[in-house]
Amino acid sequence: MTGPDHARFHEDTAAFLLGALTDGEQRAFELHMEQCPECRDEVERLRPAADALPRSVEQIPAPDRLKSALMDVVESEAREDPARPARRRRLRDLLPGPALRPALAGGLLVLALLAGYGVAQLSTDEDQRTIAAKVDDSRVPMASAELRIEGEGDDGAVLSAEGLPDLGGRRVYQAWVLRGDKVAPAPTFVAATDGTGTVTVPEDLSGADAVLVTREPRGGTRVPSENPILRVDL
Amino acid sequence: MQLVQGGNPRAFELMYDRHGGAAFSLAYRMVGNKVTAEDITQEAFLSIWRSRLRYDQARGSVRTWVLGIVHNRAIDALRRGTVHERRRETLDGVEERHEAKERTDVEAARREEARSVHSALDELPEEQRRTIELAYFGGFSHSQIADMLGMPLGTVKGRMRLGLEKMRLQLAEGFTPGELV
């Protein structure tokens, strides 16, 4: 099913994804897309390729002053935003009057320490977590692996393995993402001469059940050809 | 991301730590000037902070969302001003200007991923790769590209589509970092 003027707009799908339409053209295309399932599907089909383009860029560190300047503004706006720090205001509102404050000082110190610990834990958890893989000892007896997930897993994860046998030139290791009874292919990788191997699982892992690894023909496959040799339950 | 959406500056700072480098790198790749890249990155992150409630997880990862906003800002900067004139002369291919340090496994893995996307781009026929790079990294509109390359607009659009289609297939079929080690 197509929307009005489909023939005119259909050629613009890639230009839309690459940002190569002018502002007016882009608005017109977006309006058309709302009514045209075929163009919507085409855009979603090609989107992974366009989204991959910025990942080809050589990474250079941002200047430190950029973060300082940015956070100055953010901190300032957060202080001014009445909708934000409800928790802090509630704690302050719960404090007793001046006469009782000294008596509560020790207790509040403990509370502050506990709160500080909680924040530190949250930051660590938010930043990164690592999960060990289960290994099929009968097939890869020397192997071990772990999955490192940044944040909430919406940026994917990195699987690092050791003790992997060299599969020769014709086969590779391939990662998979398991959701329910469906398995989606993730990138392939090879073991280095010291038996280590690393692969980025770029897929959003929110809601995924596990990351798996199998051995597949070079180039990878769309469906696993064997039971997993490694499994990381999420 | 929920903490960022709740207006927590510390959570936002973590998000910046995670994606700021990639954002700055993309901006620099597009405009070829560190000062302008810095401005673009700062504008983009402030826009993200101020429109944080608009993030929708169903539409992609945080990183993709952030880089999309940076890309749009860089295009605006390119089309606004004089940057295009300087960049017009240096758009031949993907130039590597800096050696990034490998500080963590994650960064190392991302560099592998970068090589994979690079390879997918390099596998394209020259005219498709060039058209995609002029559009995405150069910020040129399809009409400008048609003028620059002296070809019909329909041809430019067709090359963009074919190029993205081939890249999609290559990236989906395991043309991957591990293969390139």
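As the structure is a prediction and not an experimental result, all values here were calculated from the model.
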Please name the pair of heavy atoms, one in [X] and one in [Y], separated by the smallest distance, quoted to 0.1 Å.
X: B:L121; Y: A:S56; result: CD1-OG, 4.2 Å
X: A:A50; Y: B:Y136; result: O-CE1, 4.2 Å
X: A:V57; Y: B:S25; result: CG1-O, 3.4 Å
X: B:L164; Y: A:A14; result: CD1-CB, 3.9 Å
X: B:Q42; Y: A:A69; result: NE2-CB, 3.9 Å
X: A:A20; Y: B:R79; result: CA-NH2, 3.8 Å

Legend entry - Region of A:E44 that comes under 4.5 Å of a non-hydrogen atom in chain B: neither

Inset, instruction - Name the region of A:E216, side chain, backbone, both or neither, that has any atom closer than 4.5 Å to a heavy atom of chain B. - result: neither

[atom1]-[atom2] distance between [X] and [Y], expressed to the nearest 0.5 angstrom:
X: A:D51; Y: B:H71; atom1: CG; atom2: NE2; answer: 10.5 Å
X: A:L17; Y: B:M160; atom1: CG; atom2: CE; answer: 11.0 Å
X: B:H142; Y: A:T22; atom1: NE2; atom2: OG1; answer: 6.0 Å
X: A:R47; Y: B:R168; atom1: CZ; atom2: CZ; answer: 13.5 Å
X: B:W49; Y: A:M71; atom1: CH2; atom2: CE; answer: 7.5 Å
X: B:S143; Y: A:L21; atom1: OG; atom2: CG; answer: 9.0 Å

With a 4.5 Å heavy-atom cut-off, do [X] and [Y] have their side chains touching?
X: A:K67; Y: B:D17; value: yes
X: A:L70; Y: B:F12; value: yes
X: B:E38; Y: A:R65; value: yes
X: B:F45; Y: A:V74; value: no

Inset, instruction - Report, as yes or no, whether the 6.0 Å neighbourhood of atom CG on A:D64 holds more than 12 heavy atoms from other residues, nucleotides or ligands. - result: no

Inset, instruction - Return yes when atom CD of B:E127 has more than 12 non-hydrogen atoms of other residues, nucleotides or ligands closer than 6.0 Å, and no otherwise. - result: yes

Inset, instruction - Just do the side-chain contact (heavy atoms from CB on, under 4.5 Å) check on A:R55 and B:L26 with the steps written out, would you? - result: CA-CA 8 Å; A:R55 298 172 197 258; B:L26 174 60; over 6 Å; no

Quick check for you: among [options], which has the greatest number of heavy-atom pairs under 4.5 Å with chain B?
options: A:L46, A:L53, A:D23; value: A:L53
options: A:P63, A:P48, A:A52, A:G19; value: A:P63
options: A:T13, A:L18, A:D12; value: A:L18

Legend entry - Identified side chain to side chain contact (heavy atoms under 4.5 Å, CB included) counterpart of A:P54 within the set B:L67, B:T64, B:V66: B:L67

Inset, instruction - Take B:R161 and A:E11, measure what salt bridge (Lys or Arg N to Asp or Glu O under 4.0 Å) needs, and give me the verdict at the end. - result: CA-CA 8 Å; B:R161 280 184 69 202; A:E11 288 294 310; 3.0 Å; yes

Inset, instruction - Output yes when B:R10 and A:E75 qualify as a salt bridge under the 4.0 Å nitrogen-oxygen rule, no when they do not. - result: yes

